Structures are given as structure tokens and as C-alpha cells.
Number of protein chains: 2
Amino acid sequence: MSLRHAILVLLQDQEASGYDLAREFANSIGLVWNATHQQIYLELGKLNEQDMVKYRHIPQDGKPDKKLYRITDTGRDELIRWLRKPAAPPRIRDSFMVKIAGGALSEPSAVLRELEDQADLRRERLSTFEALALALSERNTEKDMYTYLTLRRGILDQQAWLSWADEVRSELHKRENLPTSA
Amino acid sequence: MSLRHAILVLLQDQEASGYDLAREFANSIGLVWNATHQQIYLELGKLNEQDMVKYRHIPQDGKPDKKLYRITDTGRDELIRWLRKPAAPPRIRDSFMVKIAGGALSEPSAVLRELEDQADLRRERLSTFEALALALSERNTEKDMYTYLTLRRGILDQQAWLSWADEVRSELHKRENLPTSA
DNA sequence: TATTGCTGCGCAATCCGTTGAATAAGTAGA
DNA sequence: TCTACTTATTCAACGGATTGCGCAGCAATA
């Protein structure tokens, strides 16, 4: 139940609309927590009822009106309280890995094909994160340091995944005498 | 929606009760997918209704009776069909990482304390996985190879996490002039 | 003797998450 | 011009997941 806390973290240093938050969930925070816009709007409604956030209504022309949310003192207290409690270890639900565990039922060539699809995705993420981390190399504020560390987590994670993929390729080729190219 | 498929993977080569499966979800498969006993019993009920599994009732004395489930041909077909469809990338929901992203609101010493708690857990998992992988070093069957690769994924993952923790420690100490010991 | 833990199954309430759709107006490109 | 995308919010339906509870008996430990 920390969608609310992820939102509060984002609202910590900027006023934002649900739409703004959804974009950030698709990018920066999406690295560690993801959510769709429906979830975000719903949660903002609840947070508002509980006085953790408040909003001002901004009429716009040319574009739809929007609500700019900001965190309240109650919200900040809740966030700090939550930061103090130990986090539960993330529950793992990786369907690709379930497929690997059941891999003996598939053709090795099919496993390799999907491995490459997943690897493409990881490589893409890796270069995105690396570019963002580079942009943060002159990190003077404490906040930037934490953003940088979050990105580093993503980078090390993708790298570990790709090393694992190398192992999978060589194990499968060892066994099946498939061509060594990807 | 691949709890059902994780169950089918487990039932592929052995008959098992809901209780047996729950134990495996807490151990081996828990590495890539976790589920509680309530979920498992419910899903077994649905799988049974859809003829993907069937069971025999085993009366026991000294212990409660149990139901031993086995996969049916329909179940195996469904599993193979599922293995062929590309897997969606896992959605990430790591509350500890949300805390890191919002770390600037905490005391660095509090962040370090929780980092060490999480690191203990990762180190524990790492040695469990390493022991299991070692036990599988003489892997003759295809199935064992896939189990081994699944474990390797867990091992590389824990190692990457621990390397990241080293980076966090040195960044925080750089900034705060805290003692360099953990 | 009392408590805890293991084996084994299940129900119910609630909450969280996903999917799909609706509304509404502007802007960019085929 | 028609289509598609962007900005912006919200509702409804469904299904998956979590939490809490309950039953039942045996074995081991404190």
C-alpha cells in the first residue's frame, strides 16, 4: 500500500496535477513503482479526503481545466511516519521467470527467442537510465543524490539481468548445439 | 494472471497437495512468484473445475486428510499454450526503493540502518540460493538446468543489490562524514 | 501442563489493480 | 480533411490479492 507514499514523495517538492504524476510514474518513479492514471486519480481523491493533499482548481483555455495538488502538513507527517517503519520485502511476480522455471516444456529455440525480446527491453532501459544518471553527475543537492542512487539501482539491475541472459544463452547452446549467434 | 501457471509448472513432475505447493511457493518458486496458501487453495479449486488438475483424496491418520493434485492433459495443454505467448514485463513495486527516492526527508543514519536490514536479507537469500545451485551442479536433466538457471537469476540479483548497497554506503558517508564502518 | 508449531483445508470481507470506456478541445501530420 | 495524439479527469466492472478468521489433531518443548 505505498502508491500513496510514492505520490507524496513526488508532491514533496512540487505541485502537480494527476496528469503530471502519471507522466512521472511512466518515467522517473516508474523505475521503482508503477501505476496507471486511473489508480493515481483515485488515490489523489482518497488523499484529499484524508487531508494529506489539497488542490487548487486551475481553469485553462485550449486545454481542459486541471487540479494542482500539493502536499499538506498532515501528508508530510504521514510520509515521515511511513519512512520510519521498515519496508516489507517486495513480493516477486515475474511471469517470464515462471516460464524459465517451466522451460523444459518449451522448445529451447522458443526460450531463446523470448529471451532476446526481454533482453532488448533491458538494454533499452539500461541506456535510458545511464543517460539520466549522466545528467545527474553534478549532483549538489541531497535530493539529486537520492535520485542518482535510485537510477544506479536500476542500472545495476539491468546489467545483472543481461549477464544472466549471457549465461542462459551459453547453457542452452551447450546443450542443444545451436548456432552461437544471438 | 500466472499463479495458475506457476502451479501447473510445479505439478508438471509431481503430485502435490495445496500444502506442499504452499511450501514450495515459500521456497523454490517463491524466488520468482509468491503466493499465500489461501490463494493457492482457491486457485486449485478453479483449476479443478476447469479440468486442468484432478485430485485423489488421501485419508491419513495422525494428520488431517489431504488432496493430492496432479496435472491433466487439459492443464498441460494450457501450460504449453501459455508458454508460447510472450510474457508481459513484470511491474515493479518496491517500497524500499520508494523510500530511497524520498530519502532526502529522512536522517541518513536511518536510511543506512534500513539498508543494512535489507542487506542482511539479501545476503541470507544469496547463500541459500548458492547452496541450492551447488547441489544442482551435476545437472543431467533439462529440467535441472532450468532450475539451475532460475537460481542463477536469483544469485545475480542479490549480488547486484549488494553492490548497489556498497555504492549507497559510500555516497552517504562521502556526504555526511559518518564513520565508514557498517 | 500450557504453549507453540506443524500438517491440512477452507471461507469471507475488503482492498488493490486492471481494463475499458466516456468526455472535450486543441494541435500536428498524412 | 481525416486521423491520431496530447492534455485532463473520471466512472464502472471485474478479478486478483491480502488479511483475518476458523476448524482439527498431533508432537515437541518449556
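Here is how names work: the chains are called A, B, and so on, in the same order as the sequence lines, proteins then strands, and each is numbered from 1. Fair warning: this is a prediction, and the values are worked out from it, not measured in the lab. As a basis for the values below, the full set of heavy atoms in this structure was taken, side chains included, without hydrogen atoms, waters or symmetry mates.
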Whole Å only: how far is the [atom1] atom of [X] from the [atom2] atom of [N]?
X: B:D65; N: D:dG25; atom1: CG; atom2: P; result: 12 Å
X: B:I92; N: C:dG17; atom1: CD1; atom2: C1'; result: 16 Å
X: B:Y19; N: D:dC26; atom1: OH; atom2: C1'; result: 13 Å
X: B:L3; N: D:dA17; atom1: CG; atom2: P; result: 6 Å
X: B:Y55; N: C:dG8; atom1: OH; atom2: C1'; result: 14 Å
X: B:K66; N: C:dG10; atom1: NZ; atom2: P; result: 14 Å
X: B:L21; N: C:dG10; atom1: CG; atom2: P; result: 12 Å
X: A:Q60; N: D:dT6; atom1: CD; atom2: P; result: 17 Å

For DNA chain C, whose closest nucleotide is more 5', that of B:R23 or that of B:Y69?
-> B:R23
Heavy-atom count around B:D73 CG within 6.0 Å, excluding the residue itself: above 12?
-> no
Ion pair check, [X] and [Y], cut-off under 4.0 Å:
X: B:R169; Y: B:E116; value: yes
X: B:R152; Y: A:E171; value: no
X: A:K46; Y: A:E49; value: no

When we call it a touch if two heavy atoms are under 4.0 Å apart, what does B:R4 touch: a base, just sugar-phosphate, or nothing?
-> nothing
So, A:R4 versus A:Q50: side-chain donor-acceptor pair below 3.5 Å or not?
-> yes
If we ignore angles and hydrogens, is there a donor and acceptor under 3.5 Å between the side chains of A:Q158 and A:E130?
-> no
For D:dC26, take OP1 and OP2 only and decide whether either is under 4.0 Å from a side-chain N or O of B:K63.
-> no
Looking at B:R93, does any N or O in its side chain come under 4.0 Å of the phosphate oxygens OP1/OP2 on C:dG17?
-> yes
Quick one, which residues of residues 36-51 of chain B touch DNA chain D with a heavy atom under 4.0 Å?
-> B:Q38, B:Q39, B:K46
Would you sort out whether B:S17 and B:D20 count as a side chain to side chain donor-acceptor pair (under 3.5 Å), showing the intermediate values?
-> CA-CA 5 Å; B:S17 66; B:D20 294 334; 3.1 Å; yes
